[in-house]
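Quick notes on the structure that follows.
Lettering of chains follows the sequences in order, A, B, ..., and the numbering in each one begins at 1. Please read all numbers here as calculations on a predicted model, not as lab measurements.
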Amino acid sequence: MSKATEVISPDTTAPHDEHAHHEHEHHDHIPKGITRWLFTTNHKDIGTLYLWFAFIMFLVGGAMAMVIRAELFQPGLQIVEPNFFNQMTTVHGLIMVFGAVMPAFTGLANWLIPMMIGAPDMALPRMNNWSFWILPGAFLILLSSLFMEGGGPAFGWTFYAPLSTTYSGDSTALFVFSVHIMGISSIMGAINVIVTIFNMRAPGMTWMKMPLFVWTWLITAFLLIAVMPVLAGAVTMVLTDKFFGTSFFDAAGGGDPVMFQHIFWFFGHPEVYIMILPAFGIISQIVPTFSRKQLFGYASMVYATASIALLSFVVWAHHMFTTGMPVYMEMFFMFATMLISVPTGVKVFNWVATMWRGSLSFEMPMMFAIAFIVLFTIGGLSGLMLAITPVDFQYHDTYFVVAHFHYVLVTGAVFSIMAAVYYWLPKWTGKMYDTTLAKWHFWCSLVSVNVLFFPMHFVGLAGMPRRIPDYALQFADFNKWISVGGFAFGLSQLIFLALLIKACKKQGEAVSAQVWDGAEGLEWEIPSPAPYHTFETPPVVK
Amino acid sequence: MSQQSANNKMVIKLVAIVIGMFGFGFALVPLYDVFCDVTGINGKTEGTAAVYQSVEIDESREVTVEFITRTNSGMPWEFRAETKRVKVHPGELNTVSFYVRNPASSNIVAQAIPSVSPGMAALYLNKTECFCFNQQPLDAGSEAYMPMQFYVDPQLPEEITFFTLQYTLYDVTARASDLTTTPNPFMASTPSTGE
Ligand code: HEM
Ligand SMILES: [Cu+2]
C-alpha cells in the first residue's frame, strides 16, 4: 500500500557517510539571481518554473475567454470581428491545453515525484532544464502570430483540414512550429518522468507501494510518448499540404480530409486522458489525508488507470460520429467509449468509499477535491450522453460538447491542480497560505464556474452551435448568464494570484513537516519548507 | 556509473518509441487507404480501369445506380450527369455521360473524385473507362461530354439494390500547370449519348 511508507533515515540535513559529505558542499548553497532560474537543473526550481508558467498561461488564455464571453454577452456582432473571434477560440484552447494544464501537471511531477519516491532529483536534470525553457519560446511564437497580417490560427484547437490547409493564413507555419516545440517539450518531460520512476526509486519503494500520483503520472508519461509524436506528424502533414504541395488531406490530389480527423483524434482522445490521469492521482492523495483513512482499493486504482489508458486508444472516433462511418463502426466506438466509464466509475466509487465513515475535515485541498469528484462526475455523465451515437448527431458541435469538456477540464483537471497547490504549497514554502483568501477563492470559483458552464448544457441541447460569434435571439438570456459567470470566474482567479504572491513572499504561519495531520508519504517526512536538496542518501522504505 | 548507464539505456529505448510513433503517424496514411480498400467503407472506387472480360450477366435482378455531381467551392465549371439514374443488370456493360462547361475566362484543369454510397457498393462498381482516371483540361468558354463506362460485379450482395455514385470536380489547374494539357481522348466535344 502506498501509504505504508515508513522512513528510517530521511536524510535531509545530516550527512552520514562520505558520499553524502561530498554532496554537502552545495547543500545549502542556493544560487541567486536570474541565472539560478535560467540554468537550474534542480527539480524543485524547475517545478516552480513550470507552475508559474502554467499559471501565467492560464491568465492569458483566460483573458481570451473573456473576449469570447464579452462578444457572446449579446446576440449580434459587437466587439470583435468574426475572424478575430475564431482566433480567440483557437488560441484559448491551445493555450489552456498545452500551456496551462499540461505544464502545470509537469510542474507538479517535477516537484513531487522525486520527493515521493525518495530520489534526490529527476533522472535527467539537464534535459529537464531544456524541456522547460523551450516552452516560453513556443508560446511567444504562437502569441506573436496573432499580430501577423491576416491574424493567427483561426481553425479551432483541433485544426481540421481543410480549414488549416486550404483556408488558413500564412501564420499556420508559426502554429505548426510552435506545436512542434510544445510536443518536444512534453516528450522530454515524459521521458524524464519514466526514467526517474524506473531507475531512481528508493530501496523498498516497490511498484505497488508507489503513491498514486506517481502511478498515474507514469501511465500519463507513456501516453505522452505514444501520442505526442502522432500530433507532430499531423501538424507536419498540414504544413506540407499547405506549403509544399502534398495532398495528405486534399481529395483532389488523392488524399482525404476525413483522414485528418482520424489521425488527429488518435492523438486527441489519449490527450484528454493525459489531462485527467494526473488529476486522478492528486485526488487519490488528498482524499485519504482528510478522511484519515487508507485509500480504498489502491490496487484497483492502479489497474483502472492502466485500463483507461489502454482503452483511450480505441475510442477516438466518438469525435467523428457524424462523418459518415458505417453503422458497425459507430457501434464499436459507441460501446468502447461507454466501456471507459467503467474504470472511471471505479475511481469515483473508491474515492467515495475512502471518505465513507472517515473522520473528515474540510481544509482547502479537500474542498477542491470534493468539488472535483462531484463536478467531474457531471462531466463524465454528459460524456456518456455524447457517447450514444444517435444522440450525438444532435449534440455534436453544439454548446453541449463545450459544457462537457469544460466540466471535465476546468472543474476536473484545473480544480485538481488547484487542490494540489493548496495541498503541497505549505510544504514548498514552509508557511501556511492565507486561508481566508483561499476560502474566497474556492467559493467564488465554485459558484461562478457553475453559472458559467451549467447553462451551456441547455443552450447546447436547444441547438446553439459552438465556435460562432453570433447566435439566435432565443439563446440571449442564457448567454448573458454564462458571460456573467465567466467574468466572475475570471476575476476569482485574481484572488488565487494574490494568495500565491503572498505565499511566495513567505508570509504566514510556519508549518510542521507533516503539515496536515492525516498526511502520509515520503514528502511529508522531510522538513517544511522542503530543503533545496532532498534524499541525497536514499531513505529506506519499509 | 551504473545509474547513469541504466538511464541512458532507458532513454534510448524511449526515444526509439517516440521515433516509431512519429513514423506510425505517417504510416496511418497508407494504412487508412488499405483499410478503406479492403472494407470498402470509404466509398472510394478503383483509380484504374477494370477489364471487362467474360463477365456473366445476372438477368435475375436489377440494381439502380444514381449519379450525383457537384463542384468543389471555387470551381466555376458547370457539371451535370446526362443520365440521372439507370437500372442495370449486374454484369452488364453500361455507358453514361457527363456534361461539363467552363464558363470562366481562363483554361482550367479539373480532377473528378468519385464517392459511392453505401460505401460497400464501391467494391462492386467496376469502371472500364472513366474521366476520373485522368485530369481533364477545358479551354475557357468551351464545353464537353465525358463518358463513363461501368459494370456492376455480379457478386454484389443481394441486399444492395440501390447505390449512388457521386463525382466532385476539383480545380487542379495550379497543380497541373507543369503537366501536359493535351486533351484527354475520353473527352468528346459532341454528345455521345444524347438527351
Ligand atoms: C466518461 C468519460 C467520457 C466520455 C464517455 C466522453 C465522451 C465524449 C464524446 C462522445 C465526445 C465527442 C462529442 C462531440 O464532439 O460530439 C467528447 C468530447 C470531448 N471530451 Fe469527452 N468523454 C469523457 C471524458 C472526458 C475527459 C476525462 C476529458 C478530459 C479531461 C474529456 C475531454 C473532451 C474534450 C476536450 C472534448 C471535445 C473535443 C473537441 O471537439 O474540441 N472527455 N467526449
Ligand atoms: Cu474523446
Notebook entry, point to check: Is B/Gln3 close to A/Met200 at the side-chain level, that is, under 4.5 Å between some pair of heavy atoms?
Noted result: yes
Notebook entry, point to check: Heavy atoms, side chains only, cut-off 4.5 Å: are A/Phe248 and B/Val29 in contact?
Noted result: yes
I need the minimum non-hydrogen distance between [X] and [Y], along with the two atoms involved.
X: B/Ser73; Y: A/Tyr167; answer: OG-OH, 3.1 Å
X: B/Val172; Y: A/Ala252; answer: CG1-CB, 3.8 Å
X: B/Gly25; Y: A/Met237; answer: O-CE, 3.5 Å

Note to self: Determine whether a donor-acceptor pair (N or O, by modelled atom type, separation under 3.5 Å) exists between the side chain of B/Gln111 and the backbone of A/Gly253.
What the structure shows: no
Portion of [X] that has a non-hydrogen atom of chain B nearer than 4.5 angstrom:
X: A/Leu124; result: side chain
X: A/Met329; result: side chain
X: A/Phe266; result: side chain
X: A/Asn192; result: neither
X: A/Tyr328; result: side chain
X: A/Ala234; result: neither

Check: Can you tell which of A/Asn199, A/Leu224, A/Ile187, A/Leu231 has the highest number of heavy-atom pairs within less than 4.5 Å of chain B?
Finding: A/Asn199
Which value, rounded to the nearest 0.5 Å, describes the distance between [X] atom [atom1] and [Y] atom [atom2]?
X: B/Asn72; Y: A/Thr166; atom1: CG; atom2: OG1; result: 8.0 Å
X: A/Ile263; Y: B/Leu28; atom1: CD1; atom2: CG; result: 5.5 Å
X: A/Thr196; Y: B/Asn7; atom1: OG1; atom2: CG; result: 7.5 Å
X: A/Ile194; Y: B/Ile17; atom1: CD1; atom2: CD1; result: 7.0 Å
X: A/Met259; Y: B/Phe35; atom1: CE; atom2: CZ; result: 14.5 Å
X: A/Ile225; Y: B/Lys13; atom1: CD1; atom2: NZ; result: 12.0 Å

Item checked: Test log, rule side-chain contact (heavy atoms from CB on, under 4.5 Å), inputs A/Val227 and B/Phe24 -> CA-CA 10 Å; A/Val227 299; B/Phe24 177 74; over 6 Å; no
Please check if atom [atom1] in [X] has more than 12 non-hydrogen atoms from other residues, nucleotides or ligands closer than 6.0 Å.
X: A/Trp157; atom1: CH2; result: yes
X: B/Glu56; atom1: CD; result: no
X: A/Phe177; atom1: CZ; result: no

Margin query: Is B/Phe26 in contact with chain A via its backbone, its side chain, both, or neither, using a 4.5 Å heavy-atom distance?
Written below: both
